[in-house]
There are 2 protein chains.
Amino acid sequence: MVVAISPVMNTPRISDSEWEVMKAVWDHEPLTAVEVLKHLPHDQWKQKTVNTFMNRLETKGVIRAERVGRPNVYRSLISEKQCRGMEGSQFLKKVFRGEVAPLMLHFIENGDLSKNDIAELKQMLEKRYRPDG
Amino acid sequence: MVVAISPVMNTPRISDSEWEVMKAVWDHEPLTAVEVLKHLPHDQWKQKTVNTFMNRLETKGVIRAERVGRPNVYRSLISEKQCRGMEGSQFLKKVFRGEVAPLMLHFIENGDLSKNDIAELKQMLEKRYRPDG
DNA sequence: GACATTCGATTACAATCGTAGTCAATGGTG
DNA sequence: CACCATTGACTACGATTGTAATCGAATGTC
């Protein structure tokens with residue numbers, strides 16, 4: 001019997017600029033490369049550059065192109081959440097030595113949280129404290 | 001009158017591997033390149049590689065070499081805290097679109113916080129809520 | 001002081017990233 | 001159907017990163 005090997009898609013690395021593109025994709029997919037540009041700061045991005053990124057992202061397996069009509073239509077293959085997971089754990093390990101608490105402290109001190117944010121976070125922490133509460 | 005321009009040391013980018021080296025530096029400075037290697041996973045780092053990084057980090061202005069005795073002695077010029085600041089705000093912007101709350105939520109859900117961590121964080125949030133409390 | 005050893009500065013080199021340009025095919029227009 | 005415009009595939013190219021090797025200078029040894 002042949003055992004199917006689980007298709008471990010170990011999330012590829014997504015560079016800074018690729019993230020910008022991907023945010024446009026996640027927010028508006030399915031979309032074309034031209035549409036992607038529309039959702040990016042127009043003065044900082046040229047169409048050709050966007051195109052290159054679409055290609056690279058497809059090669060990396062982050063998106064998929066439907067080569068059907070004339071303008072290619074793209075969809076994400078990996079969700080923003082998944083990417084946040086990867087990027088987040090890398091960041092945590094790299095910058096905060098894998099310790100979540102100092103990281104949290106850092107962002108509590110440096111980020112500007114609204115009163116609402118703070119309330120919400122406290123609630124979240126409560127729940128975590130007593131998972132069934 | 002000549003106005004002194006504040007010496008804005010806009011923190012340079014520090015790559016993943018450079019971060020590893022810098023952690024050794026921050027933890028044990030002042031130290032030599034040979035000592036840096038001692039504090040890194042020995043099987044993953046060669047002395048020559050470490051050396052290259054020391055050079056690059058000096059070029060970038062992250063560390064400084066004292067060329068006095070024979071083995072160069074290195075010190076950091078930028079603190080871990082400063083670097084965390086830079087790296088943190090980039091990460092926040094790139095991955096969480098600049099919104100701190102979702103970031104925090106993410107790490108509350110994904111990181112494993114101890115009861116103690118949670119208590120501490122709640123306290124921090126309290127303080128933030130009433131800054132003079 | 002001659003020689004072996006140790007270190008640092010310089011050089012190397014492939015992969016990835018940012019930023020496009022070229023060129024050819026596809027598709028709309030008259 | 002001939003032509004022009006759009007668009008995608010491929011190519012380009014310098015900077016950065018990861019990973020070292022080479023080569024020459026400073027140091028310690030006899």
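So you know, we letter chains A, B, ... as the sequences are listed, proteins then strands, and number each from 1.
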So, does the side chain of A:K48 form a donor-acceptor pair with the base of C:dT22 at under 3.5 Å?
yes
For C:dG18, does either OP1 or OP2 sit under 4.0 Å from a side-chain N or O belonging to A:S15?
yes
Please tell me if A:T49 has a side-chain N or O lying less than 4.0 Å from either OP1 or OP2 of C:dA20.
yes
Looking at C:dG18, I'd like to know if its phosphate oxygens (OP1 or OP2) sit under 4.0 Å from a side-chain N or O belonging to A:S17.
yes
Does one side chain, of B:E87 or B:W19, offer a donor that lies under 3.5 Å from an acceptor on the other?
yes
Separation of atom CG in B:N55 from atom C1' in D:dA20, rounded to whole Å
13 Å
Would the base of D:dT11 count as contacting A:R56 through its side chain, where contact means a donor and an acceptor less than 3.5 Å apart?
no
Non-neighbouring partners of B:F91 that pass ring-ring contact (aromatic ring centres under 6.0 Å, His included), sequence neighbours left out
A:F91, B:F96
Without hydrogens or angle criteria, can the side chains of B:D117 and B:S114 be said to hold a donor-acceptor pair below 3.5 Å?
yes
So, is B:N51 near the phosphate of D:dA21, with a side-chain N or O under 4.0 Å from OP1 or OP2?
no
Whether the side chain of B:K60 and the base of D:dT16 hold a donor-acceptor pair under 3.5 Å is what I'd like checked.
no
Phosphate contact (C:dT19 OP1 or OP2) by A:K46 side-chain N/O below 4.0 Å:
no
